[in-house]
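Values reported hereafter were calculated over all heavy atoms of this structure, with side chains retained and with hydrogens, waters and symmetry mates removed.
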Amino acid sequence: MKNILFAAALMLAAHVNVAAQQHDHSACDGDSIDPMKEAILNEVTVQGLTGLQRISEAASPYTVISPRELHSMPATNLVDAISHTPGLSQISTGSGISKPVIRGLGYNRVVVVDQGIRQESQQWGDEHGLEVSTEGVHSVEILKGPASLMYGSDAIGGVMILHPERPLDPQTMQVRMGGEYQSCSQLRDYTVGFAGNVKAGSVGNFVWNAHYTDKTADEYRNHADGKVENSWFSERDVQGMLGLQGTWGHTWLRLSNVILTPGIVGEEDAFQRIIHTKVVSDNMWPLLGGQLKATIGYQRNYRREFEEGEAELDMRLNTVNYDLKYTLPTLFTGQEIQIGAGGMWQQNRNHGEEQLIPDYHLFDFGIFLTATHRIGRFNISGGLRYDVRSIGDDHDFSMLDFSVFSATFSSSSLSLGAAYNISDHTNLRLNIARGFRAPTVSELYSNGVHEGSVQYELGNAALKPERNTQIDLGFDHTTHIVSLQASLFLNRISNYIFLQRLAGVVTDGYRTYQYRQGDAILIGGEAGIDVHPWQPLHIQNSFSYVSGRQLHQQADMKWLPMMPAPRWNLTVACQLPDFLRAHLRRTRLTASMEYNLRQSHFLAADDTETATPDYAVVNLSAATDLHLMGHNCIELSVTCQNLFNKVYQSHLSRLKYVDTPDGQGIHAPGRSLCLKARIPIDIHLK
């Protein structure tokens, strides 16, 4: 079967949806745009593994989610909006909670960078979502594979970089309004924002950006379960940015506060309330012919679980992130060297009767050097990093089910690769990287019930750090008629940590799981083709595959848990000519199908997992830009998700294992009609 899947992948080649995200503030700021201009790889700049570089010169595999793609997709949260990207999946626990999975690796193996710092929000838990609003995120960059050089321990699976909205053009202000409705869960989403960039005398320009979002969803429905009890959620988000910028550099201050309140499916009258607050100082100055970038941030994740009106679980995580990077002056054309240091200080406190993990403090520090150099058609990149992480208890645990502990982990990471530009349209890539991940406090010392994932978890204090080595091989070819890409990888992980069910063990009425580890290997890739024989018409195919296997194990322990099923995506999109005296522009009709193959590779030992049947979901959508009063416009879209009301379960859905009368678990939402509108109003100052 494996050979058949890889053959299919190579025949499909790959599709990468990319955009020159650096300048697109609004989809309504000009005439109709040829979608192929959003797929010219050579013009896309990524932040990536070794600093800013064009994607055509990057040795590591990247995907960029453009602003149009990000904000036009109906979704319940940010990860849900981009989870159809080749190589990216989501672990979901209800419609409001999603976690990113890159090539089969998720949880603390994927680092999410938001507003310039890594998001720290108890991401080890199944029922702990991302707590980042889609509003305020301009575009998303996904780096697949070990990325520890720039982002430290935990990035062995990859990095998801959420690029914030850039300042407007000088002497411009913009008012933004928007709303969304989804029929399946009666989701209502309202947002309003105000941004500007005005002259501030000799110091440069004063910039600001602020918005407020309110999102509410009732219990969703499907044909198998009817109304899914307690699947409701609500979210409120306030974000703001203000600062100065000029020829001397910039200094920006960012603030965000997300309040997420999701019901706990399977637990009557139980819900979570999470408040995630973030303050970030983002600074950049030219220095000695180079560039110095300094970022420091503070985060507070306040998480409570309520049962019968009382907060049984009360966790407060405080994190200080620091990051310092210096780009050296360019000595040779095509060369860039960057040095830096960064890490975080973290402290967790429990204030409830129930406790999943102990109180602890953590200190993380790393130094790195990265370099790129272009020689003819070759672009060589690589670097080295060294990290130290220390963890210790912060409490006398004599009255709790935890032990006094202290641990220190350290390791080096490295990467070396090259991109060869065969021609202006064709690139070949090879990269070898080695990463490191220290065990989390939850993996080492957890001892408690996870209501959201309906299981009792036990840590393992004997766990060793994970270390992985990954080899990536990539190819892409882009013309005005066809866009192809193929990427294959092999990822060897020592001391891979995973949860396994303890056979016959029930604790406080819940199935009991414990963390274990062993050596593992993951292989797979993404492939696809985007054909557009007629300029307005695009026919896109993509295929993703990953197989995760434990080494030297018996049959029921052979496969790693939580591996996404092989997936084929087909999209047919057509852009119609402008009509109604050009008041309706960039009108697009799209039909898409996502087909997930049967996942028969699962961790069968002690009934930890079960197989998942194949399924196909079909969506239809139409979108247009309604232009009124000059350049102002309303972006409108209507989408029918799950057109045929298919009953299905994703292999990565934790609700699959919720106890139900028929023993089949909870299924995904049924058919939903989605309406969306965005209204940007530009104000140009003299």
Side-chain angles (χ1 to χ4, degrees), residues 16-27 29 38-39 41 43-55 58 60-73 75 77-79 81-83 85 88 100 102 110-119 130-144 147 150-151 155 158-169 174 176 191 193 195 197 207-211 213 237 239-243 245 250-256 258 278 280-284 291 293 295 297 299 321 323 325 327 678 680:
V16 172
N17 225 332
V18 295
Q21 75 273 22
Q22 304 297 328
H23 305 288
D24 183 8
H25 295 293
S26 168
D29 57 2
E38 297 184 348
L41 295 176
E43 299 304 320
V44 181
T45 301
V46 291
Q47 183 171 318
L49 187 65
T50 56
L52 292 176
Q53 61 184 148
R54 292 189 301 174
I55 201 170
S60 301
Y62 292 91
T63 299
V64 177
I65 311 298
S66 70
R68 173 177 290 276
E69 183 180 5
L70 175 64
H71 293 289
S72 65
M73 178 67 67
N77 57 70
L78 188 144
V79 177
I82 64 177
S83 62
T85 304
L88 185 69
I102 299 176
V110 171
V111 168
V112 176
V113 178
D114 177 46
Q115 300 180 25
I117 62 174
R118 54 184 292 163
Q119 177 84 355
L130 196 57
E131 286 117 44
V132 175
S133 173
T134 306
E135 294 298 326
V137 177
H138 181 256
S139 59
V140 180
E141 180 183 326
I142 299 168
L143 172 57
K144 304 170 185 175
M150 297 283 284
Y151 306 103
V159 175
M160 189 167 78
I161 304 172
L162 311 179
H163 292 289
E165 293 178 328
R166 288 177 167 268
L168 299 177
D169 294 333
Q174 186 181 79
R176 291 171 304 216
T191 184
N197 183 341
V207 296
W208 73 90
N209 193 349
H211 78 257
T213 300
D237 171 51
Q239 287 194 32
M241 183 275 280
L242 57 87
Q245 64 183 37
H250 73 249
T251 179
W252 299 330
L253 182 67
R254 302 182 186 274
L255 169 69
S256 67
V258 176
K278 186 184 304 178
V280 180
S281 175
D282 182 338
N283 307 276
M284 185 277 290
Q291 185 182 91
K293 185 172 178 60
T295 306
Q299 301 177 74
N321 304 87
D323 187 61
K325 297 185 180 76
T327 303
R678 290 168 60 88

Nearest-0.5 Å distance, CE of residue M160 to OG1 of residue T85: 10.0 Å

Side-chain heavy atoms of I82 within contact of L70, under 4.5 Å: yes

N209 side, atom CG; W252 side, atom CH2 - distance, nearest 0.5 Å: 11.0 Å

T134: partners by side chain to side chain donor-acceptor pair (under 3.5 Å), with sequence neighbours left out: none

Any residue meeting side chain to side chain contact (heavy atoms under 4.5 Å, CB included) with T213, in chain and number order, not counting sequence neighbours: S133, E135, D189, T191, H211, D237

Close side-chain approach of N197 to Q245, heavy-atom, < 4.5 Å: yes

Sole residue of Q239, Q174, R176 in side-chain hydrogen bond (donor to acceptor under 3.5 Å, both in side chains) with E165: R176

Full working for side-chain contact (heavy atoms from CB on, under 4.5 Å) between Y151 and D323: CA-CA 9 Å; Y151 306 103; D323 187 61; over 6 Å; no

Heavy-atom check, side chain of V207 versus side chain of L242, under 4.5 Å: no

Validation row: I117, T295 side chains within 4.5 angstrom (heavy atoms): yes

Close side-chain approach of M150 to K325, heavy-atom, < 4.5 Å: yes

Those residues that, when tested against D282, pass salt bridge (charged side-chain N to carboxylate O under 4.0 Å, His left out) (two or more places apart): K293

R118 and V112, any side-chain heavy atoms less than 4.5 Å apart: no

Nearest atoms (heavy-atom pairs only) where P100 meets L88: CB-CD1, 4.3 Å

Rounded distance (nearest 0.5 Å) linking atom CE of M241 with atom OG of S256: 13.0 Å

Any S66 side-chain heavy atom under 4.5 Å of S139 side chain: no

Residues N321, Q299; criterion side-chain contact (heavy atoms from CB on, under 4.5 Å); working and verdict: CA-CA 8 Å; N321 304 87; Q299 301 177 74; 2.8 Å; yes

Under the salt bridge (charged side-chain N to carboxylate O under 4.0 Å, His left out) test, residues paired with R254 that sit two or more places apart: none

Any residue meeting side chain to side chain donor-acceptor pair (under 3.5 Å) with N283, in chain and number order, not counting sequence neighbours: T251, S281

Shortest non-hydrogen contact between Q115 and V280, atoms and distance: O-CG1, 3.3 Å

Heavy-atom closest contact (S60 atom, Y62 atom, distance): O-CD1, 2.9 Å

From T327 atom OG1 to Q291 atom CD, the distance as rounded to the nearest 0.5 Å: 5.5 Å

For D114, all residues meeting side chain to side chain contact (heavy atoms under 4.5 Å, CB included), sequence neighbours excluded: Q119, V132, L162, K278

Sub-4.5 Å side-chain heavy-atom contact between H138 and R166: no

